[in-house]
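Report on one structure; see the data block that follows.
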Amino acid sequence: MSRVLEVKNLQQNFALQKGILDKIRFQDGKIQFASEMVHAVNDLSFSIEKGEVFSLVGESGCGKSTTAKTILKIHEPKGGKIFYKDTDITDYSPKEMIPIRREMQMIFQDPYSSLNPRQTVHAMLIEPMLFHGITKNREEADRLVGDLLEKVGLRREQANRYPHQFSGGQRQRIGIARALCVNPELIIADEPVSALDVSIQAQILNLLLDLKDEYGLSLLVIAHNLSVVKHISDRLGIMYLGKIVEQGTKEQIFKNPLHPYTRVLFSAVPTINEEPIIEFDDLIGEIPSVIHLPTGCHFHARCKYAEDICKREYPNSFEVEEGHKVSCHVVENRFRKDKDHRVE
Ligand code: SF4
């Protein structure tokens with residue numbers, strides 16, 4: 001398999017918008033201007049292979065969507081590297097990003113607000129095709145629009161309708177058609193079904209998986225719903241305060257969630273006829289500030305397993321088995337002790 005996307009130590013932060021008086025500080029008898037930063041993405045690393053579905057999972061505000069927008073360079077990265085295939089695109093200009101953006105398309109959470117209400121579906125699909133030179137021939141473009149609509153489960157004759165004439169699920173199908181119309185290689189789907197009725201979420205997820213296989217796409221899925229993640233992913237990364245705290249294959253993480261935060265997340269999943277993934281695991285404390293990040297492990301103030309070292313040092317990413325990595329002092333110590341025990 002070849003690598004489609006690699007993100008290394010990605011950083012993203014934003015200056016907090018405040019009034020001028022809030023920024024004034026007195027230091028050493030002098031007036032200083034200070035602006036506080038929101039640390040949205042902190043030293044994040046992962047990669048996606050061709051044909052793979054990788055999901056970023058975590059609670060709202062953990063930096064998942066900011067990561068997606070930074071990869072697309074809607075926000076300029078503040079640190080780290082972004083490689084698309086073998087090319088370092090971290091410092092690409094907006095002009096240099098045009099062909100890359102054709103290959104990296106996005107599907108948005110709210111299909112209604114992501115579509116132009118004044119454009120017909122036909123206009124919405126044909127414009128990017130002509131702009132990116134997918135075809136120069138108007139007649140062929142008309143045919144491609146019809147083919148694409150059928151591919152995503154709509155009818156050709158619906159091309160002349162406006163977004164308000166479709167249901168939520170149909171609008172998301174249009175969003176998928178718009179992403180596909182320029183022959184992308186990687187699709188970034190930001191909560192692709194969370195705004196839809198539960199009854200049609202599975203249809204849209206299955207459509208995405210079918211199209212992925214048919215077109216040989218790779219997918220980066222941003223999600224907080226673990227059922228969605230379980231259905232669609234090959235591998236996943238669990239994010240907490242802008243960092244991946246655990247990553248591995250779907251099987252590794254769903255069978256054996258190790259990081260205390262992953263365990264809390266999984267224990268919160270309601271089940272009806274199935275056994276819970278794990279027994280309910282409790283959280284303590286408050287969500288820390290993304291402006292003043294905690295020292296050491298960012299989760300220490302909420303973790304009931306925290307030890308002294310957790311307050312001082314951020315844990316390294318420790319590989320417990322091939323491809324399954326966890327950033328936790330306690331998990332790492334436990335695995336090292338088990339290993340020593342086995343060696344003796
Ligand atoms: Fe909890 Fe410490 Fe592990 Fe962080 S490193 S998750 S505080 S046990």
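Counting starts at 1 for both ligands and their atoms, following the listed order.
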N, O or S of His300 under 2.8 Å from atom 1 (Fe) of ligand 1: no
Protein residue, atom and distance nearest to atom 3 (Fe) of ligand 1, heavy-atom basis: Cys328 SG, 2.3 Å
Student check: side-chain heavy atoms of Met104 and Leu72 closer than 4.5 Å: yes
Identity and separation of the nearest protein heavy atom to atom 2 (Fe) of ligand 1: Cys310 SG, 2.3 Å
Salt-bridge present (Arg156, Glu150; N to O < 4.0 Å): yes
Protein heavy atom at shortest distance from atom 1 (Fe) of ligand 1: Cys303 SG, 2.4 Å
Asp147 and Arg143 ion-paired at < 4.0 Å: yes
Pair Lys81 + Asp88: basic N to acidic O under 4.0 Å: yes
Per-atom contacts of ligand 1 with Val330, taking only distances under 4.0 Å to non-hydrogen atoms: 8 (S)
Beyond-backbone contact of Gln247 with Ser45, side-chain heavy atoms, under 4.5 angstrom: no
Proximal ligand 1 atoms for His259, defined as those under 4.0 Å from one of its heavy atoms: 6 (S)
Any side-chain heavy-atom pair of Val221 and Phe54 under 4.5 Å: no
Location of contacts on Pro260 toward ligand 1, heavy atoms closer than 4.0 Å: side chain
Gln11 and Leu44, any side-chain heavy atoms less than 4.5 Å apart: no
Atoms of ligand 1 close to Cys297 [distance to a heavy atom under 4.0 angstrom, numbered from 1]: 4 (Fe), 5 (S), 6 (S), 7 (S)
Heavy atom of the protein closest to atom 5 (S) of ligand 1 (residue, atom name, distance): His329 N, 3.3 Å
